[in-house]
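Per chain, numbering begins at 1; letters A, B, ... match sequence-line order.
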Amino acid sequence: MMELICPAGTPAALKSAIEAGADAVYCGFNDETNARNFPGLNFSRDELRKGIALAHGRGAKILVAINTFPRAAAADIWQRAVDDAVSAGADAPILADIGLMDYAARRHPNQRLHVSVQAAAANPDAIAFYAEAFGARRVVLPRVLSVPEIAEITRETTCETEVFVFGGLCVMAEGRCSLSSYATGKSPNMQGVCSPPSHVAYEQSAEGTTSRLGGFTINRFGANEPAGYPTLCKGRFSTAEGAGYIFEDPVSLDATTLLKGLREAGVTALKIEGRQRGRAYVESVVRHFRHALAALESGSEADIAGLKPFTEGQASTLGAYRKTWR
Amino acid sequence: MNDPSAASPGPLPTIPPLLALAMRPLPLLPLQLVLTAVLQRIRRHNPAMFERLGNHARARFGIRPIDLPFAFVVEARPPRLSVVRDLPRSLDARISASLANLLALLEGRVDGDALMFSRDLAVEGNVEAVLALRNAIDDAQLDLAAELSSLFGPLGAPVRRAFEAARGRMIGPSQQSEQWR
């Protein structure tokens with residue numbers, strides 16, 4: 001059966017994920033070394049050690065996302081994160097930067113390494129490089145591939161593949177976005193914050209809710225209109241061609257209906273996005289996919305409607321898995 | 001309506017307008033005293049929650065249940081809470097939602113982002129402070145029934161039952177209360 005890899009932004013969410021049926025939980029340190037560096041979120045070193053003990057006691061694994069790109073002259077922060085994750089007993093760090101991958105492989109040659117989605121390894125040659133050069137055992141595939149393309153990759157590489165099945169989507173090639181940097185000076189890839197909340201403002205008025213990022217008005221939602229995250233890529237803009245979502249609609253990925261195809265494509269693990277979300281999200285989404293995987297094994301029908309309340313914009317998509325625009 | 005016992009952000013009931021109207025003349029001080037004691041108890045028993053607030057521990061949050069005729073001003077450090085008819089201007093952030101959704105958020109029964117997506121939660125002011133507060137509360141796994149009932153000594157058990165009955169009608173039983181039974 002494919003593994004279920006679940007998010008946790010706090011120790012309580014980690015516990016919820018395990019109780020709901022996660023095979024592995026991924027989390028990050030409370031600093032810029034991970035791509036969900038939001039206030040009140042993430043793990044201290046001590047919390048990680050306790051989380052690993054809890055997970056291992058229940059037969060689950062812990063993966064530590066160290067998936068931002070080290071700043072010049074500050075690589076020691078990221079290297080220390082790798083060292084601390086390994087010494088805490090993490091089952092694998094999830095790394096994006098090629099230099100950090102090299103450091104981890106040299107310093108901890110027996111440690112299992114995963115390639116982050118932020119590395120944007122989207123073809124067999126790139127994946128083979130990570131596997132051969134650093135001994136990477138698994139790659140998290142970017143959300144730009146169709147299911148047949150994933151099948152092609154798994155046929156051509158010995159590296160395990162992990163794919164997203166639920167949660168937020170990113171319109172850019174993973175790890176290559178400058179929209180947040182342009183508007184706020186802070187980057188998801190360097191500081192770990194896409195659209196940092198310090199630069200987000202909401203204004204409530206009779207017309208609805210206006211969201212701004214770094215002074216840019218990016219959307220206005222009517223009173224009962226479903227909303228999305230305050231990111232530039234999901235902004236609704238007026239142009240000479242009309243008003244609308246120019247880059248991407250505010251929707252969430254939901255690949256519940258594609259699990260059979262992903263299994264046949266040779267995927268090893270299914271990943272749920274959302275370390276920034278609450279325990280209620282983690283518990284419900286993990287349980288949903290645990291049931292869907294059980295249904296897949298037994299050949300019965302899975303519930304495909306239960307997750308709508310958790311989706312951005314109250315809508316879901318199959319994203320690039322089914323490229324209807326081609 | 002969704003099953004209220006499920007950990008999903010389905011629509012939760014609101015206080016009927018007539019009941020809210022009947023509450024309007026009630027004095028606020030007794031409620032303020034009880035809620036202040038609950039806040040101080042939470043502070044004593046959940047130090048990690050206040051660490052998660054980080055630089056925002058001294059922020060002043062205005063919390064408005066949209067279906068009640070009063071609101072709350074809450075500070076974490078030092079722990080202070082006041083019940084007011086109208087929120088003052090001098091706040092770092094304002095959070096508004098129905099009472100049921102606010103209670104469910106406090107107990108981690110709903111996801112804050114999902115409430116934002118469905119427009120059941122509105123935020124103004126310092127969004128970073130609000131996010132820190134949301135994440136700190138979500139990690140704390142608060143059991144409001146236990147916190148409240150502990151204030152009432154020998155009357156704690158009936159107070160707990162009364163609170164749980166009211167909460168059950170609004171957001172369903174908590175995991176803690178199910179285990180307690």
Legend entry - A:A227 backbone acceptor or donor facing B:R119 side chain under 3.5 Å: no
Legend entry - B:L29, CG atom: more than 12 neighbouring heavy atoms under 6.0 Å: yes
Legend entry - B:N135 versus A:G40, closest heavy-atom pair with distance: CB-O, 3.2 Å
Inset, instruction - Give a yes or no on whether A:Y182 atom OH has more than 12 heavy-atom contacts from other residues, nucleotides or ligands under 6.0 Å away. - result: no
Legend entry - Candidates A:Y281, A:F310, A:Y229 - the one meeting side chain to side chain contact (heavy atoms under 4.5 Å, CB included) with B:D113: A:Y229
Inset, instruction - Against chain B, work out which of A:P39, A:G228, A:G9 has the most heavy-atom pairs shorter than 4.5 Å and name it. - result: A:P39
Legend entry - Selection from A:S44, A:A223, A:P196, A:A201 maximising heavy-atom pairs under 4.5 Å formed with chain B: A:A223
Inset, instruction - Please flag which part of A:N30 lies under 4.5 Å from any non-hydrogen atom of chain B: side chain, backbone, both or neither. - result: neither
Inset, instruction - Could you check which of A:Q276, A:K15, A:E203 has the highest count of heavy-atom pairs closer than 4.5 Å to chain B? - result: A:Q276
Inset, instruction - Answer with side chain, backbone, both or neither: which region of B:R94 has an atom nearer than 4.5 Å to a non-hydrogen atom of chain A? - result: neither
Legend entry - A:E47, part contacting chain B, at a heavy-atom distance under 4.5 Å: side chain
Legend entry - B:R89, CZ atom: more than 12 neighbouring heavy atoms under 6.0 Å: no
Inset, instruction - Flag the one option from A:G274, A:P197, A:S16 with the top tally of heavy-atom pairs under 4.5 Å to chain B. - result: A:P197
Legend entry - Largest heavy-atom contact set with chain A, pairs under 4.5 Å, which of B:S96, B:A122, B:G54, B:A104: B:A122
Inset, instruction - Locate the shortest heavy-atom distance separating B:E124 from A:Y202; write the atom from each residue and the value. - result: CG-O, 3.6 Å
Inset, instruction - Search all heavy atoms of B:A114 against all heavy atoms of A:P309 and return the closest pair with its distance. - result: CB-O, 3.4 Å
Inset, instruction - Name the member of B:M116, B:R52, B:R134 that forms the most heavy-atom pairs with chain A at distances under 4.5 Å. - result: B:R52
Inset, instruction - Answer with side chain, backbone, both or neither: which region of A:K308 has an atom nearer than 4.5 Å to a non-hydrogen atom of chain B? - result: neither
Inset, instruction - To the nearest 0.5 Å, tell me how far A:R279 CZ sits from B:I137 CD1. - result: 10.5 Å
Legend entry - Closest non-hydrogen atom pair, A:A12 against B:D139: N-OD1, 2.9 Å
Legend entry - Heavy-atom proximity to chain A below 4.5 Å, by part of B:N126: neither
Inset, instruction - For A:N224, look at atom CG and say whether over 12 heavy atoms of other residues, nucleotides or ligands are found less than 6.0 Å away. - result: no
Inset, instruction - Go through the atoms of B:L53 and report whether side chain, backbone, both or neither lie under 4.5 Å from a heavy atom of chain A. - result: neither
